[in-house]
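Numbers here are sequence positions counted from 1.
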Amino acid sequence: MEQAIELAGFFAAHAVWCVSEGEALVPMLAHLDRSGVRSMSRLVANRLEEGVEEGKRQLEADAYDRACAVLVYDGYITLESGKTDALFIDIRAYGAPGSSATMVVPYRHRQSTRGFAVHRPKLLEYAGMDSPDYQTWADAFFRGVDSHQQGAAIWNEASDPSL
């Protein structure tokens, strides 16, 4: 699962780079094949929700002999502070046993009077394992973030740990 979490960090940083200028994020499905080759496709559809649904179908199918896969899409989450924009990250590791997790990275749009901000990632759910090693997962996630040059620079500049 650590490899999948690192892949999630890389594509979360890519998504931060995309939304930092205010553009709508087209859902992205990324995967790492069993030989270590990383690839990504954008799920273009008439409606963003259709792209997300197609991505979820592909995550469940494991049709490409992948080691792991990540679906990243834009949405909203309600936190104690209220409703906010967020990048949702559905993560799958396809080994035996398979495992999954869903993370969210809340953010604030550039159009806000306070400007663009990226908040702390949050683990929403996980399955297929007794208990995650949170420190190992955090290290792997931020290794992935840091490996995306443009996304990491924006993430670090706009980091706001208040949420």
Side-chain angles (χ1 to χ4, degrees), residues 1-32 38 40 42-43 48-49 51-53 55-56 59 66-95 98-163:
M1 189 64 169
E2 186 175 341
Q3 195 174 40
I5 298 293
E6 187 170 339
L7 183 70
F10 180 87
F11 283 98
H14 187 84
V16 162
W17 181 35
C18 293
V19 301
S20 69
E21 292 300 319
E23 75 177 67
L25 181 70
V26 174
M28 299 182 295
L29 180 65
H31 66 270
L32 187 68
R38 183 173 55 201
M40 186 268 290
R42 293 193 183 269
L43 303 168
L48 292 176
E49 295 85 352
V52 171
E53 290 307 313
K56 289 183 178 193
L59 272 181
R66 300 173 283 202
C68 56
V70 173
L71 174 65
V72 182
Y73 56 95
D74 207 354
Y76 298 98
I77 188 166
T78 302
L79 302 171
E80 288 182 20
S81 59
K83 186 175 176 179
T84 188
D85 293 283
L87 298 170
F88 285 81
I89 310 158
D90 292 342
I91 306 161
R92 299 290 182 278
Y94 296 111
S99 50
S100 64
T102 301
M103 296 178 68
V104 65
V105 177
Y107 71 94
R108 187 175 60 232
H109 271 284
R110 183 170 299 286
Q111 294 86 346
S112 164
T113 57
R114 295 184 294 158
F116 184 73
V118 180
H119 302 292
R120 290 179 299 194
K122 293 157 183 18
L123 178 65
L124 297 181
E125 61 186 14
Y126 62 89
M129 64 202 86
D130 291 333
S131 178
D133 179 341
Y134 295 108
Q135 188 59 56
T136 298
W137 280 20
D139 292 346
F141 185 82
F142 283 105
R143 254 192 331 271
V145 168
D146 291 342
S147 69
H148 192 290
Q149 184 178 2
Q150 299 92 337
I154 293 166
W155 191 306
N156 290 330
E157 181 181 313
S159 180
D160 176 354
S162 65
L163 294 183

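- More than 12 heavy atoms of other residues, nucleotides or ligands shown are found within 6.0 angstrom of CD on Gln150.
- Relative orientation of the Tyr107 and Phe116 rings is tilted, given thresholds of 30° and 60° on the angle between their planes.
- Considering every non-hydrogen atom in both Pro106 and Leu79, the closest pair reads CG-CD1, 4.0 Å.
- Ion pairing between Glu6 and Arg38 fails under the 4.0 Å rule for side-chain N and carboxylate O.
- Taking OH of Tyr126 as the reference point, atom CD1 of Ile91 lies at 13.5 Å (rounded to 0.5 Å).
- Considering NE2 of His14 and CG of Leu87, their distance stands at 11.5 Å, rounded to 0.5 Å.
- Summarising the geometry, atom NE2 belonging to His119 is positioned 7.5 Å from atom OG belonging to Ser81; distances are rounded to the nearest 0.5 Å.
- Across all their heavy atoms, Met28 and Leu25 have their closest contact at CE-CD1, 4.2 Å.
- At a threshold of 4.5 Å between non-hydrogen side-chain atoms, the residues Tyr94 and Leu59 count as touching.
- The distance from the OG atom of Ser100 to the CE atom of Met1 is 6.0 Å, given to the nearest 0.5 Å.
- Between Arg66 and Arg92 the shortest side-chain heavy-atom distance does not fall below 4.5 Å.
- At least one donor-acceptor pair closer than 3.5 Å links the side chain of Ser147 to the backbone N or O of Gly144.
- Here CG of Asp139 is found 12.0 Å from CD1 of Ile5. Values are rounded to the nearest 0.5 Å.
- Atom-to-atom distance recorded for Tyr73:OH and Leu43:CG is 12.0 Å, nearest 0.5 angstrom.
- Considering every non-hydrogen atom in both Gly115 and Arg108, the closest pair reads O-NE, 2.7 Å.
- Residues Phe141 and Ile89 have side chains in contact (heavy-atom distance under 4.5 Å, counting atoms from C-beta outward).
- The two residues Val52 and Pro27 have their closest heavy-atom pair at CG2-CG, 3.7 Å.
- Between Cys68 and Leu7, the shortest heavy-atom distance links the atoms SG-CD2, 4.0 Å.
- Heavy-atom minimum distance, Gly151 versus Trp17: CA-CB, 4.0 Å.
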Could you walk me through whether Cys18 and Arg42 pass the side-chain contact (heavy atoms from CB on, under 4.5 Å) test, one step at a time? CA-CA 12 Å; Cys18 293; Arg42 293 193 183 269; 3.7 Å; yes
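- None of Leu71, Asp74, Ile77, Val105 except one satisfies the side-chain contact (heavy atoms from CB on, under 4.5 Å) rule with Phe88; the exception is Ile77.
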